[in-house]
2 protein chains.
Amino acid sequence: MPQPSSSAPRKALGRPPRISREEVIATARRIVDADGVDRLTMRRLAAEVGSTPMALYHHVRNKEELLVLLLDDYAARTLHRPEPPAEPRERVVVAAAAIHEALAGCPWIVEVLTADDLMSASALWFVEQIVDGLVACGLSPERAVHGYRAIWYYTAGEIVVRAAAARRRADADRPTYREQVFAGLDPDELPRLAEVADRWAPLTAEDTYRDGLRALVDGLLAAR
Amino acid sequence: MPQPSSSAPRKALGRPPRISREEVIATARRIVDADGVDRLTMRRLAAEVGSTPMALYHHVRNKEELLVLLLDDYAARTLHRPEPPAEPRERVVVAAAAIHEALAGCPWIVEVLTADDLMSASALWFVEQIVDGLVACGLSPERAVHGYRAIWYYTAGEIVVRAAAARRRADADRPTYREQVFAGLDPDELPRLAEVADRWAPLTAEDTYRDGLRALVDGLLAAR
DNA sequence: GCTACTTTCTATACATGTATAAAAACTCGC
DNA sequence: GCGAGTTTTTATACATGTATAGAAAGTAGC
């Protein structure tokens with residue numbers, strides 16, 4: 001892995017690199033933008049930076065890290081800070097919704113989203129907004145952090161689940177699991193589900209992220 | 001794919017199968033239980049059922065479906081229905097927590113969890129409990145379904161994010177992204193995060209699923 | 001028994017991520 | 001300029017999921 005260019009400006013040791021991490025990421029971004037994340041393979045990436053597959057591994061640890069870096073890059077470019085509302089509760093909602101919107105507009109991250117927190121440097125400001133908003137509403141810093149986590153779980157879950165649903169819809173021919181299950185629904189055993197069975201698909205297709213988010217925030221604040 | 005054994009008991013057409021879907025799933029389960037999900041490969045599975053890799057594809061669509069079936073199987077065996085509490089709000093919490101607990105005890109599902117809803121037949125009862133509890137608290141059926149979805153997002157997100165964190169901790173040598181980011185935190189720009197920086201790791205390690213769940217449910221009900 | 005048809009199984013091949021070992025291209029101390 | 005050390009790059013190899021083509025093993029009609 002490349003040294004952090006330290007204070008000592010000694011001539012670099014070893015064979016001089018022909019490609020850089022930045023170049024790799026930029027090229028990867030081009031590929032993803034042009035042809036989608038599925039087409040991003042280490043071999044093609046290597047070819048397009050004019051190198052060999054294994055050479056990439058000196059600049060990124062593996063493909064997953066590459067994707068995380070791509071997400072970072074994406075976040076840095078598209079996460080725009082909204083004017084924070086005066087009301088702290090609203091600050092929380094707005095910050096979370098901004099993160100959510102950015103992620104939702106970037107369908108390929110799902111494979112990365114399982115990455116722990118969203119700890120991209122450019123996302124930190126939003127995390128700060130959320131934690132600060134919760135504190136301003138009277139939560140202790142500890143509870144505020146837990147609150148942020150809950151919001152993050154909810155947000156990441158929404159993205160992941162929706163993306164999976166979309167993927168499933170893509171290879172659509174065969175009936176979904178869901179349809180099969182709902183078809184054989186016993187109204188005596190499961191009356192509520194039977195009641196909404198035929199409305200399930202459109203209902204779950206609705207975008208209710210913000211409603212749920214508001215409910216969660218309300219609940220977090222009420223528990224104080 | 002095998003026919004649903006229909007009413008007509010005609011002799012089966014075509015070459016008689018030497019392995020069955022059930023056999024495949026049962027063998028896969030053995031492998032996962034014994035050696036972990038990483039060791040479950042189509043080749044090994046084929047060998048252990050005494051067949052060839054591609055023969056498996058006549059009984060499961062692909063590896064992902066196999067994992068979904070495994071999850072189903074797991075759910076059917078371990079999802080025990082608790083006595084539903086009288087208080088409807090509590091029913092919602094208990095049902096969601098039961099699903100969560102089962103999933104959390106089954107670390108390998110993460111790769112499957114991105115599967116749309118948890119629509120395993122054995123999980124439906126819990127979904128019913130949740131939807132019914134929300135309706136009993138005064139939500140319309142539509143809002144109850146949306147509420148269930150929010151709870152599912154929160155739950156799935158918690159599992160996925162925590163599992164990813166655990167995985168990351170497994171190959172632990174290198175410093176986490178998080179540590180790097182928190183190290184260079186500017187207390188003027190991000191005062192709240194700086195304040196909790198050193199407590200972040202233990203705080204986020206705490207299991208606060210139920211607290212967040214309660215908050216979410218409270219918020220969903222308050223929005224009525 | 002023979003042909004047509006259906007289903008299941010086998011053999012082979014390919015794309016992909018990445019491990020491993022060695023080669024290449026430098027700087028440094030001498 | 002030469003050997004030692006360091007870093008980057010290359011070549012090769014392997015495991016894995018799965019596509020494709022065709023062989024195998026049965027039934028049904030004749």
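The figures that follow rest on heavy atoms only: side chains count, while hydrogens, waters and symmetry mates do not. Below, chains carry the letters A, B, ... as their sequence lines are ordered, and counting in each starts from 1.
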Can you tell if the side chain of V127(A) reaches within under 4.5 Å of the side chain of L190(B), non-hydrogen atoms only?
-> no
For dA11(C), does OP1 or OP2 lie under 4.0 Å from any side-chain N or O of T52(B)?
-> no
Between dA15(C) (P) and D38(A) (CG): distance, integer Å | 16 Å
Interatomic distance, M42(B) CE vs dA19(D) C1' [rounded to whole Å] = 13 Å
Do W200(A) and L193(A) come within less than 4.5 Å of each other through their side chains, counting heavy atoms only?
-> yes
Could you give the CG-to-P distance, from L56(A) to dT7(D), as a whole number of Å?
-> 19 Å
When rounded to whole Å, the CZ to P distance for the pair R18(A) and dT9(D) reads 7 Å
Salt bridge flag under 4.0 Å for residues E206(A) and R149(B) = no
DNA chain C: 5'-proximal contact among M54(A) and R15(A) (nearest heavy atom) = M54(A)
From dT9(D), dG17(C), dG17(D), nucleotide with atom closest to R43(B) side chain | dG17(D)
Residue pair Y74(B) / R29(B), side-chain heavy-atom distance below 4.5 Å = no
Would you mind telling me which residue lines up with the more 5' stretch of DNA chain D, G14(B) or G14(A), judged by nearest nucleotide?
-> G14(A)
How close or far is atom C1' of dT9(D) from atom CD1 of I19(A), stated in whole angstroms?
-> 8 Å
Rounded to the Å, how far apart are R21(A) CZ and dT9(D) P?
-> 14 Å
Check every atom of dC9(C), dT18(C), dT18(D) against the side chain of H58(B) and return the nucleotide holding the closest atom.
-> dC9(C)
Walking DNA chain C from its 5' end, the first of T41(A) and P17(B) to be reached, judged by nearest nucleotide, is P17(B)
Touch check for L40(B), heavy atoms < 4.0 angstrom, all strands: base, sugar-phosphate only, or nothing?
-> sugar-phosphate
dC9(C) phosphate, OP1 or OP2, under 4.0 Å from H59(B) side-chain N/O | yes
Kindly assign one of parallel, tilted or perpendicular to the pair Y209(B) and H100(B), based on the angle between their ring planes and the thresholds 30° and 60°.
-> parallel
Rounded distance in Å - CZ (R61(B)) to C1' (dG17(D)) | 16 Å
Nucleotide dC9(C), atom C1' - distance to OH of Y57(B) in whole Å = 14 Å
Between dC9(C), dT18(C), dT18(D), which one does the side chain of K63(B) approach most closely?
-> dT18(D)
